[in-house]
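Each remark here refers to the structure printed beneath this line.
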Amino acid sequence: MAGEGMIPLRPGLEGVPVAESAISFIDGKRARLSYRGYAVEELARKSCYEEVAWLLLRGELPTQRELADFDRQLRSHRRIKYRLRDLLKCLPETGHPMGALQAAVAALGMFYPARDVSHAPTNWESVIRILAKMPTIVAAFHRLRNGDDDLPPRDDLDHAGNFYWMLFEREPSPAIRKVLDACFILHAEHTMNASTFAGRVAASTLADPYTVVSAAIGALTGPLHGGANEQVLDMLEEIGSVENVRPWLKEALAKKRKIMGFGHRVYKVKDPRATVLQELAEHLFAETGRPKLYDVALELERAAAEELGPKGIYPNVDFYSGIIYMSLGIPKDLFTPIFAISRVAGWLAHWLEQLQNNRIFRPEQIYVGKPDRAYVPLEERP
Ligand code: CMC
C-alpha cells in the first residue's frame, strides 16, 4: 500500500543517493574511477596499498613521516591472539573462508571493545587493528584448514608481501608483490556499492567498527558482488576451451544465465579496474606463464562484446582478478576474502565519514500484504 506522498519504489535503490561522500567517484560512461580525486590507474601504478589506505581514510596523500608511522603501526598490529586462532581452528575446514573472516572480525570486537564510537583515538586504533589483522586471519584460516601451522606475520615485509608470505611461506618476487599490491589498491574502494552500503547502515546505528566491517563482509560474499570473482573461474573452467566460448555463450544467454564478471550498475563501458588488471595479468604471465583460461577469457570478452556490448554490459573488476590470483597459486575460495582485505580500507573510510554526520538509516517500505483482519483461534480454523 503506497502511503500518501511516498516516493515510488526504485528496485535496488538504482539512482537513489543515500549519502554525500567525498571518498571516491565513478564516471560510468567514461570508465573513470578516482579515490579522493586521484585516478585509480595512477594509484595502481605508482602508489602502494598502505598509502592508498591512508588517502582513503584521511583524505590526503600522506607525508613521508605520516606514511612511515602508519606503516609501522600496521606492521605492529598484524598478530592475532591465540584464542582467535583457536576460533579459526574450530571452524569446519570445508566452510567458506568468507564465513571464517566474518566470524573472526566480529570476534575481534570482543577482544578489543570499541563501543564508544565518539572517541576519535579509539576509532583510529580500531582502524589500524582491522586493516592489519584481516590478512592474518585469512592466511591463518587457510593454513589451519589444510592442517598446516599458521605463520606469524613478518614485520620486515609490506602489507602485500607479508600476506603472500603468510599464505605460502615464501617471499614474493618483486613482480608478484607489485601485482598483489596493485590488486589491493584496485579493490580498495568503490563508492556506494552493496557492501559499503551495508557497512554504512550498520555504522548509522553507532555499532562498533568490527560489527560494521563484519556486516560489510557478509554483503560482499554474494555472487552478484564480491563472490563473482570466484564464480568467474568456475565459469571459465566450465567453458574449458577457446573453441567452446561462442557455443557456450549462446546457450548461456538463451537460458538467461548471467555471465559472471560482466555488467555493472554504474559502468556502461569496460570497468577501468578490469583494464588495469588485464595489463597486470599480462606482465605477470611473463613470470608465471600464460594460463589457458586467459585465452578463454579473452575470447569470452570478444564474444560477449558482440552480444552484450549493445546493452552496456562489459567486463567488471571481477573478470580478470581471479585469473591473476589463480596464476599466483591462490585457491579460488580465497579470491573474495582478498577482495575483502582490500576493500576494508574503503569500508572504514565510509564508517568514519558516516559518523561525521550520522543519522540512522530507516527507509520506508510499500506494504503489499493483507489488510487488517481478525485473529481466528486455532480450534476454529478449518
Ligand atoms: N550477463 C548477462 N546479462 C546481464 C549481465 C550479465 N553479467 N548483467 C546484466 N545483465 C542484463 C540483465 O539480464 C538485464 O537484462 P534485461 O533488461 O533484458 O532483463 C539487464 O542486463 C540489467 O541487469 P540487472 O541485473 O538488472 O543490472 P543490475 O544493475 O541490477 O546488476 C550486476 C548489476 C553487477 C549485479 C549484474 O550486472 C550482474 O549480475 N553481473 C554478474 C555478476 C558480477 O559480475 N558481479 C560483480 C559486480 S562488479 C564487482 C562488485 O561490485 O563486486
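All ligand and atom numbering here is 1-based and tracks the order in the structure.
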Greater than 12 external heavy atoms within 6.0 Å of Asp149's CG: no
Basic-acidic side-chain contact under 4.0 Å: Arg177, Asp158: yes
Note: Glu41-Lys46 ion pair, threshold 4.0 Å (strictly below):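 Result for this pair is no, no salt bridge flagged.
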From Lys256, Lys258, Met235 - option closest to atom 8 (N) of ligand 1 by heavy atom: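 The option holding the nearest heavy atom is Lys258.
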Atoms of ligand 1 close to Gly226 [distance to a heavy atom under 4.0 angstrom, numbered from 1]: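 Listed by number with element, the hits are 52 (O).
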Element-labelled atoms of ligand 1 that are located less than 4.0 Å from some non-hydrogen atom of Gly261: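 It comes down to these atoms of ligand 1: 43 (C), 44 (O).
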Is the shortest distance from [atom] to a protein heavy atom below 4.0 Å?
| atom | answer |
| --- | --- |
| atom 23 (O) of ligand 1 | no |
| atom 31 (O) of ligand 1 | no |
| atom 28 (P) of ligand 1 | yes |

Location of contacts on His190 toward ligand 1, heavy atoms closer than 4.0 Å: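 Neither part.
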Polar proximity ligand 1 side, Asn316 side, N/O cut 3.5 Å exclusive: yes
Whether His187 and Phe339 hold their rings parallel, tilted or perpendicular, with breakpoints at 30° and 60°: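 His187 vs Phe339 ring planes: perpendicular.
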